[in-house]
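Just so you know, these numbers use all the heavy atoms, side chains as well, and skip hydrogens, waters and symmetry mates. Keep in mind the model is a prediction, meaning the values are calculated, not measured. Lettering follows sequence order; numbering is per chain, from 1.
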Amino acid sequence: MKELPKIYDPKQVEGRIYQYWMDGGWFHAVRDPEKKPFTIVIPPPNVTGQLHLGHAFDETIQDVLTRWKRMSGYCTLWLPGVDHAGIATQIKVEEVLRKEGLTRFDLGRDKFLEQVWDWKNQYGNRIVEQLKTLGSSCDWDRQRFTMDDVCAKAVREAFCSLYEKGLIYKGKRIINWCPHCTTALSDAEVEYVEKQGFFWHIRYPLTDGSGSVEVATTRPETMLGDAAVAVNPEDERYKHMIGKTVTLPLVGREIPIVADEHADMEFGTGCVKITPCHDPNDFEVGLRHDLPQYLMLDGEGRITGGYKWDGMDRYEARKAIVQELEDQGYLVSIEPCTHNVGTCYRCHNDVEPLASDQWFVKMAPLAKEAIRVVEDGEVRFVPDRFSKIYLNWMNGVRDWCISRQLWWGHQIPVWYCDDCGEMTVSRQDPCECAHCHSKRIRRDPDVLDTWFSSALWPFSTLGWPEETEDLKYFYPTDVLVTGYDIIFFWVARMIFSGCEHMKKFPFHTVLIHGLIRDPQGKKMSKSAGNGVDPIEVINTYGADALRFNIITGNSPGNDMRYFPERCEAMRNFSNKLWNASRFVMMNLTIDRNELPETLELEDKWILSRLNDLAGEVGDNLDKYELGIAAQKIYDFIWDSFCDWYIELTKARLTGEDEAARIQAQKVLLYVLTETLKLLHPFMPFITEEIFQALPHEGDALMIQTYPTFREDLSFPEESTRLEKVLEAISAIRSRRSEMNVPPSKRPHLFVSTTDPQAFESGMGYLRRLAMVGDVTLVDEAPGDLDSLVSIVTEHSVCYLPMNELVDVDKERERLRKELEKNRGFLENQRRKLANENFVSRAPEHVVNAERERAEKLEALIANLEESLRKLG
RNA sequence: GGGAGCAUAGCUCAGCUGGUUAGAGCACAUGCCUUACAAGCAUGGGGUCACAGGUUCAAGUCCUGUUGUUCCCACCA
């Protein structure tokens with residue numbers, strides 16, 4: 001038997017244990033037709049990323065589920081991988097280049113991509129290594145990268161197949177453009193931020209000199225792109241102007257006044273400037289009235305189009321144009337206002353809506369099935385409220401802009417012919433135009449949205465479009481675990497992609513968790529400097545403590561705040577378990593884990609409690625109530641096992657009776673081992689370390705069978721009887737403490753009880769845990785009552801001769817108070833039971849429970865009355 | 001403009017489909033180095049479950065409204 005140190009040191013253990021698991025090959029899922037599969041695909045972290053607490057939260061949940069299912073007999077696959085993260089990664093490499101005074105254009109596409117791959121190879125493994133320090137039991141043999149050959153093939157197939165079905169098209173639309181990242185974004189990638197701004201009211205003179213109209217805008221520079229002014233057709237104020245033209249100030253362009261429903265008579269002046277290229281509504285108005293499109297911003301947010309401000313940044317141009325409008329008397333007023341400004345989710349600069357030629361996924365046909373599978377419950381969100389959020393979004397979803405003007409990513413598999421102008425869309429790189437066979441073809445320079453490849457993740461990682469054995473066995477996967485912040489980005493797109501390409505939803509359950517915030521409830525971020533590095537936490541407290549902190553103390557789907565003190569508490573818990581295990585080992589003389597043939601009362605009690613715990617934990621995990629399950633195991637270990645059971649066994653362990661010693665050892669070892677199994681998914685390292693030091697069969701704890709409820713180890717009656725004694729012990733301790741009786745004082749205890757048998761076998765516990773001397777069972781109070789303290793419970797009255805410590809008056813007063821209190825309770829109880837409605841309508845077990853409670857109170861009151869009467 | 005979450009002890013939070021006298025950790029108080037653990041043990045103080053109605057035999061839990069707070073969605077210039 002190994003001698004264990006007094007304080008558990010995770011640093012000495014975790015790395016070694018993880019290596020032991022890796023060497024054992026137990027993370028690797030071997031397909032077994034006899035077993036049911038259980039599959040989770042990891043939300044792939046960004047390849048350049050670093051582990052943060054959000055990841056730790058996400059991975060811990062997945063690891064708990066994975067380890068639990070693995071121990072429960074499933075063929076369990078947790079498939080890991082990383083995401084190429086188009087914009088994020090490209091920005092990082094460009095930043096490095098910028099420090100050298102270079103841009104990606106200086107290098108050229110091929111050279112630049114080489115650099116990104118170098119970067120990926122250098123840093124891509126960091127996050128993977130960090131995942132391992134958490135204890136993640138991923139199948140590393142199946143690790144994937146969204147840009148590896150397998151995933152690339154899937155992306156190519158998905159694009160071509162959607163294109164062939166007419167579900168991918170190219171067109172000129174208003175898209176969100178980030179002038180800093182110089183690429184188009186999807187709607188989901190725009191974050192709206194409320195900002196202080198202004199309404200600039202501008203007067204546009206009628207060309208015929210008969211007056212003017214007043215328009216208002218928050219982006220005055222867009223007037224350069226104005227193609228019309230719209231008024232509502234019903235608006236009496238402007239009816240006579242419809243068909244006339246105004247002359248655009250500063251520009252001199254003559255633009256029409258058109259009638260369009262888009263103009264709201266109630267809002268502002270009722271006149272709207274129409275800028276088809278830079279506003280989605282105006283774009284539609286422009287199409288309806290066949291207006292020309294004037295693009296006035298370039299890719300970097302500078303003025304373009306042949307104006308005197310050409311090349312000027314959009315914000316400077318705004319100032320200059322407002323100034324000039326004012327100088328020339330066109331500026332009517334400036335009104336402060338708050339409005340929502342779209343910003344880029346990667347760089348947080350303002351995005352510009354602008355008309356651009358891009359690739360889109362036609363969403364309406366795809367959304368249909370994606371809505372159905374959730375509405376019909378084939379895909380279930382946990383907690384359920386997130387299905388509403390999902391359905392809302394999916395019902396109103398607009399076409400998805402998937403082309404990005406980046407270099408890092410899956411390049412769009414489309415070639416344009418210089419000769420006939422036709423497009424060739426192909427699974428293989430073509431060497432000629434599919435239409436005219438010209439060799440003069442050029443590939444579309446754009447790449448696909450990162451989320452296009454992530455959307456295929458549940459099946460691309462299993463080998464799709466090949467019909468691999470893995471795909472057949474593991475798809476659809478089971479649970480997808482992620483934060484509510486990426487339901488739209490990712491979850492929604494995986495669901496419709498799975499339905500479309502696999503004809504089957506990608507997972508039956510979406511387990512949604514909240515975000516981890518700082519102690520003030522703020523979002524953690526690098527810029528705010530309030531981020532917590534999980535690796536540091538692991539170094540300080542251990543991965544198990546971090547995992548337990550994260551998994552408990554929050555309810556599903558809700559955000560949680562991170563407090564280091566809670567980690568400390570969990571570290572203390574692992575130390576508690578460690579020392580309890582040390583205690584068991586110190587006393588161990590047996591080398592096999594088996595239950596003894598006969599069991600003492602306390603053995604049956606702890607076995608029964610353990611058994612109940614196993615049943616409840618299983619139920620909770622089935623319902624994804626991980627925090628509740630963890631809390632119950634914590635309470636069992638600390639309260640039931642350590643504070644009571646271990647203390648109860650000490651009498652036997654230190655006694656002369658060898659058979660009794662062995663018997664206690666056997667139960668201790670059994671209960672400890674089963675407890676380690678129950679706790680293992682939550683605290684994998686320490687449980688494995690202890691298990692290895694105990695006599696055991698089989699290899700690792702991580703592949704032992706997870707405990708479930710067993711009828712043969714349930715002893716409810718014996719449990720109840722022991723609890724009568726434990727109740728008396730607590731009551732005696734409490735009284736001693738109130739009276740400041742030092743532990744060294746061990747008075748003779750007299751017990752009068754309705755269950756003498758229980759107290760007979762519990763004498764040793766009373767002596768030891770209630771710190772008394774001799775124990776005598778009596779029918780009624782012995783000797784001189786003036787010197788006795790009565791401790792009254794439902795099942796017993798304990799008398800302690802305390803002589804000088806007893807103040808009879810005080811004692812009488814105390815008993816009287818307690819009597820009053822309990823009479824009050826009893827009265828409530830009786831009132832309830834006298835209520836016809838309650839007795840007839842409440843379920844039988846509730847009524848019975850109330851009756852039992854009343855009986856207990858009656859017994860307690862009788863005991864109290866008896867004690868009082870004897871006191872006189 | 002829609003929608004959602006949260007409001008429970010000094011602090012941070014549990015409390016699942018309504019059913020004992022509402023729990024935990026931390027903090028606090030008192031007493032203990034009781035030969036596993038002072039990162040510990042024992043005992044204790046502390047809550048009108050935001051507010052107002054309602055449903056029910058029974059409400060922290062369900063319904064309605066109010067207030068405060070956080071978030072998501074939405075093209076009102």
Whether the side chain of Asp559(A) engages the backbone of Leu515(A) through a donor-acceptor N/O pair (distance < 3.5 Å, no angle test) should be reported. yes
Compare the minimum distances between each of A42(B), A39(B), C37(B) and the side chain of Arg571(A), then state the nucleotide with the smallest one. A39(B)
Integer-rounded Å distance: A38(B) P and Asn572(A) CG: 11 Å
Classify the side chain of Glu647(A) versus the base of A36(B) as yes if they form a donor-acceptor pair under 3.5 Å and no if they do not. yes
Distance check, C1' atoms only: G68(B) and A50(B), in whole angstrom units. 8 Å
Tell me which nucleotide, if any, is Watson-Crick or G-U wobble paired with C41(B) when both distances must be under 3.5 Å. G31(B)
Taking the C1' atom in each of G60(B) and C49(B), what is the distance between them to the nearest angstrom? 5 Å
Taking only the P atom of each, what is the distance from G53(B) to C6(B) in whole angstrom? 23 Å
Name the residue closer to the 5' end of RNA chain B, choosing between Ala188(A) and His845(A) according to the nucleotide with the nearest heavy atom. His845(A)
Classify the nucleic acid contact of Ala580(A) as base, sugar-phosphate or nothing, counting any heavy atom under 4.0 Å across all strands shown. base
Taking only the C1' atom of each, what is the distance from G40(B) to U34(B) in whole angstrom? 12 Å
Ile274(A) CD1 to C76(B) P, in whole Å, measures 15 Å
From the set U43(B), A39(B), U21(B), return the single nucleotide nearest to any side-chain atom of Ile7(A). A39(B)
Please pick, from A77(B), U21(B), A36(B), the nucleotide with the shortest atom-to-atom distance to any side-chain atom of Cys642(A). A36(B)
From the set A39(B), C76(B), A74(B), return the single nucleotide nearest to any side-chain atom of Asn340(A). A74(B)
Could you tell me whether Glu352(A) and Arg219(A) make a salt bridge, using a distance below 4.0 angstrom between a side-chain N and a carboxylate O? yes
Has Lys856(A) got its NZ or CZ under 6.0 Å from the middle of the six-membered ring of Phe825(A), at an angle within 45 degrees of the ring axis? no
Give the nucleotide from the list A36(B), U21(B), A77(B) with an atom nearest to the side chain of Lys273(A). A77(B)
Quote, to the nearest angstrom, the P distance that separates G23(B) from G45(B). 12 Å
Tell me what Asn575(A) touches on the nucleic acid: a base, only sugar-phosphate, or nothing, going by heavy atoms under 4.0 Å. base
Criterion side-chain hydrogen bond (donor to acceptor under 3.5 Å, both in side chains) on Asn530(A) and Lys522(A), from CA distance to verdict: CA-CA 8 Å; Asn530(A) 59 350; Lys522(A) 291 202 194 87; over 6 Å; no
Sugar-phosphate only, base, or nothing, as touched by Tyr634(A) at under 4.0 Å among non-hydrogen atoms: sugar-phosphate
Whole Å only: how far is the CH2 atom of Trp644(A) from the C1' atom of U43(B)? 12 Å
Report the C-alpha distance between Glu191(A) and Tyr345(A) in whole Å, list the side-chain angles of each, state the deciding distance to 0.1 Å, and finish with yes or no for side-chain hydrogen bond (donor to acceptor under 3.5 Å, both in side chains). CA-CA 6 Å; Glu191(A) 285 175 357; Tyr345(A) 84 133; over 6 Å; no
With the side chain of Asp643(A) defined as its heavy atoms from C-beta on, choose the nearest nucleotide among G40(B), C73(B), A42(B). A42(B)
Trp638(A) CH2 to G40(B) C1', straight-line distance once rounded to whole Å: 8 Å
When you look at Tyr541(A) and Asn549(A), which way does the side-chain hydrogen bond (donor to acceptor under 3.5 Å, both in side chains) test go after all the steps? CA-CA 11 Å; Tyr541(A) 301 107; Asn549(A) 181 2; over 6 Å; no
Separation between the P atoms of A27(B) and A74(B), rounded to whole Å: 45 Å
Partner lookup for G53(B), please. Criteria are Watson-Crick or G-U wobble with both distances under 3.5 angstrom; report none if nothing qualifies. C63(B)
Does Thr552(A) form a side-chain hydrogen bond (donor to acceptor under 3.5 Å, both in side chains) with Arg566(A)? I'd like the steps, not just the answer. CA-CA 10 Å; Thr552(A) 56; Arg566(A) 257 182 68 85; 2.7 Å; yes
What orientation do Trp578(A) and Tyr8(A) show, parallel under 30°, tilted 30 to 60°, or perpendicular over 60°? tilted
Please work out whether the ring planes of Phe198(A) and Trp200(A) are parallel, tilted or perpendicular, with thresholds of 30° and 60°. tilted
A correct 5'-to-3' footprint of nucleotides 1-14 of chain B, with B, S and - meaning base, sugar-phosphate only and no protein heavy atom under 4.0 Å, is ---SSS-----SSS
Gap between atoms CG and P, on Asn395(A) and A74(B) respectively (whole Å): 13 Å
Winner on side-chain proximity to Ser737(A), out of A77(B), U43(B), G40(B), is U43(B)
Could you tell me whether Ala230(A) contacts a base, only the sugar-phosphate backbone, or nothing, with contacts defined as non-hydrogen atoms closer than 4.0 Å? nothing
Among A36(B), U30(B), C71(B), which nucleotide has an atom closest to any side-chain atom of Arg517(A)? C71(B)
Looking only at side chains, do Glu727(A) and Ser730(A) share a donor and an acceptor under 3.5 Å apart? no
Pairwise P distance, A9(B) and U67(B) [rounded to whole Å]: 23 Å
Below 4.0 angstrom from OP1 or OP2 of C37(B), is there any side-chain N or O of Lys6(A)? yes
If pairing means Watson-Crick or G-U wobble with both distances under 3.5 Å, then the partner of C71(B) is G3(B)
Base-pairing mate for C76(B) - Watson-Crick or G-U, with both contacts under 3.5 Å: none
Please name the nucleotide paired to G18(B) by Watson-Crick or G-U wobble geometry with both distances under 3.5 Å, or report none. none
Once you apply a heavy-atom cut-off of 4.0 Å, does His262(A) come out as touching a base, just sugar-phosphate, or nothing? base
In whole angstrom, give the distance that lies between atom CD of Gln829(A) and atom C1' of A58(B). 12 Å
Could you tell me whether Glu850(A) and Arg853(A) make a salt bridge, using a distance below 4.0 angstrom between a side-chain N and a carboxylate O? yes
When rounded to whole Å, the CZ to P distance for the pair Phe838(A) and G19(B) reads 13 Å
Do Arg853(A) and U20(B) have a side chain to base donor-acceptor pair shorter than 3.5 Å? yes
Using the P atom as the point on both nucleotides, what is the distance between U70(B) and C63(B), in whole Å? 24 Å
So what does Phe386(A) hit on the nucleic acid, given a heavy-atom distance under 4.0 Å: a base, only sugar-phosphate, or nothing? nothing
A24(B) P sits how many Å from Asp639(A) CG, rounded? 9 Å
Just call it for Lys650(A): base, sugar-phosphate, or nothing, with non-hydrogen atoms closer than 4.0 Å on any strand. base
If you take atom types as modelled and just measure distance, does the side chain of Lys576(A) reach the base of C37(B) with a donor-acceptor pair under 3.5 Å? yes
Base, sugar-phosphate alone, or nothing: which one does Glu625(A) contact when heavy atoms must sit under 4.0 Å apart? base
